[in-house]
2 protein chains.
Amino acid sequence: MARPRSEDKHQALLEAATEIVAGHGLAAPTAQIARRAGVAEGTLFRYFATKDVLVNALYLHLKGQLCTALQEGFDPAASLKARAEAVWNNYIDWGIANPTACRAMSQLAVSGKILPETHAAAVKLFPALEGLTSACCLSGLDANQSDEFRRALMASVAQVAMSFSSTDPARAAAYKASGFAVMWRTLTDA
Amino acid sequence: MARPRSEDKHQALLEAATEIVAGHGLAAPTAQIARRAGVAEGTLFRYFATKDVLVNALYLHLKGQLCTALQEGFDPAASLKARAEAVWNNYIDWGIANPTACRAMSQLAVSGKILPETHAAAVKLFPALEGLTSACCLSGLDANQSDEFRRALMASVAQVAMSFSSTDPARAAAYKASGFAVMWRTLTDA
DNA sequence: ATCTGATGAGTGAGCACTCACGCACATGAA
DNA sequence: TTCATGTGCGTGAGTGCTCACTCATCAGAT
């Protein structure tokens with residue numbers, strides 16, 4: 001019938017948005033994103049109805065990349081600790097290899113623009129992650145509360161380890177190991 | 001010689017900014033802040049030359065409140081662990097008692113608008129805190145690197161414990177205790 | 001030939017910040 | 001104590017800019 005929409009432009013827009021958002025956060029102007037992607041500003045709005053839609057799509061896109069990286073060499077048969085450490089190392093390695101994507105994701109995570117359904121969709125990208133944090137309870141908390149709390153602790157410790165590793169890649173191995181030790185104890189002893 | 005500037009208005013502006021920033025982040029409009037403070041928009045710019053100046057002043061103001069709270073009952077003669085736990089508990093209690101201030105501070109911390117000198121000034125507000133995190137080294141890191149890393153880990157664990165305690169005050173005691181256990185091991189064993 | 005993607009100047013809303021004016025207040029002379 | 005004086009605060013409509021988003025028009029795939 002007519003000209004089809006280009007998958008290339010879709011990807012180019014997401015990649016351009018990653019770079020601009022990493023630098024400017026939510027203040028990233030759509031005009032700049034479009035220019036970086038090599039398309040007109042109007043074209044951006046043909047692919048993403050509003051900036052909010054773009055921002056949510058970008059978040060899911062980045063989470064997708066991250067989750068793919070996390071599952072690298074994932075062996076469901078390995079011990080809990082081995083699985084946890086593999087995911088942990090993949091996470092930090094991904095952060096070091098993709099600092100821009102990583103920064104953009106952090107910016108989006110605190111932006112307040114990510115809809116609950118986007119978060120829900122992101123969780124489904126790596127179902128096997130669920131099982132990793134439900135090994136035991138923290139004293140004084142029931143299983144559900146404890147699991148949520150532990151998950152949040154793990155994410156925040158990982159975030160710190162990753163940001164330090166990124167800043168000082170020479171020490172990455174030490175940050176990885178120390179961070180994992182802290183987290184592993186959080187998962188199993190606390 | 002002339003009409004003096006009003007300390008009341010200065011305070012009112014900082015308090016209004018706290019509320020609006022907690023809700024809107026950096027996107028908080030100066031017009032709304034001024035209205036909430038009960039002054040004209042032009043007045044805001046008589047007290048703070050630019051929005052960036054206001055934002056930095058607000059950060060320091062909130063850090064000041066926090067540091068005062070942290071030092072509640074601080075006993076330099078107590079054991080390291082006792083001092084650490086006292087500060088820890090004060091921190092979480094402050095977060096529960098001042099959710100708005102706490103949210104505003106988090107928003108400012110990630111805004112990228114806080115100048116290095118503002119951060120430097122904030123650190124000086126509670127010098128005794130320095131000594132709390134320099135007990136030992138993490139394996140593979142020298143003392144300085146380890147200290148900075150440990151400090152960041154502690155802050156992020158505290159942040160999580162506080163946000164969970166805030167959301168679910170009934171469980172606050174459990175989150176406080178679990179979080180402190182995690183952090184204490186981080187400080188001493190890792 | 002036809003329909004739809006691509007374009008970029010245009011639009012209106014919202015923003016930080018300004019400024020000319022009115023007035024409150026500290027000061028000093030009486 | 002009283003009052004004249006001038007300094008500088010308080011004001012809010014105004015200014016210029018940036019932004020997300022639109023639309024009339026063109027270009028190209030089928």
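Note on naming: letters A, B, ... go to the chains in the order of the sequence lines (proteins, then strands), and numbering restarts at 1 for each one.
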Under 4.0 Å from OP1 or OP2 of C/dG5: is there any side-chain N or O of A/Tyr47 that close?
no
Looking at C/dC17, I'd like to know if its phosphate oxygens (OP1 or OP2) sit under 4.0 Å from a side-chain N or O belonging to B/Lys51.
no
Starting at atom CG of B/Leu44, determine the distance to atom C1' of C/dA16, rounded to an integer number of angstrom.
10 Å
For A/Ala34, report the nucleic acid contact type (base, sugar-phosphate, nothing); a contact means any heavy atom under 4.0 Å.
nothing
A/Ser163 backbone acceptor or donor facing A/Ser166 side chain under 3.5 Å:
no
Please report the distance, rounded to the nearest Å, between CZ in A/Arg35 and P in C/dT7.
14 Å
Per atom distances to the A/Thr30 side chain, the nearest of C/dA6, C/dC17, D/dA20 is D/dA20
Residue whose closest nucleotide on DNA chain D lies nearer the 5' end, B/Val39 versus A/Gln32:
B/Val39
Check the pair A/Tyr175 / A/Met162 against side-chain contact (heavy atoms from CB on, under 4.5 Å), numbers first and verdict last.
CA-CA 8 Å; A/Tyr175 291 128; A/Met162 199 169 74; over 6 Å; no
C/dG5 base / A/Arg5 side chain donor-acceptor hit below 3.5 Å
no
A/Asp52 CG to D/dC21 P, straight-line distance once rounded to whole Å
7 Å
For B/Phe48 and C/dT18, what is the distance between atoms CZ and P respectively, to the nearest whole Å?
16 Å
Polar side-chain atom of A/Asn56 near backbone of A/Lys113 as donor-acceptor pair, under 3.5 Å
yes
Could you tell me the separation between the CZ atom of B/Arg3 and the C1' atom of D/dC9, rounded to a whole number of Å?
5 Å
Distance check needed: D/dC9 P versus B/Phe45 CZ, whole Å only.
16 Å
Can you check the B/Arg46 CZ to C/dA24 P distance for me, whole Å?
15 Å
Looking at B/Gln71 and B/Cys67, would you say the former's side chain and the latter's main chain have a donor-acceptor pair under 3.5 Å?
yes
Rounded interatomic separation in angstrom, taking NZ from A/Lys113 and P from D/dA20
10 Å
B/Lys176 backbone acceptor or donor facing B/Trp88 side chain under 3.5 Å:
yes
Pick the closest DNA chain D nucleotide for A/Ala49 and for A/Pro29 by heavy atoms, then say which residue is nearer the 5' end.
A/Pro29
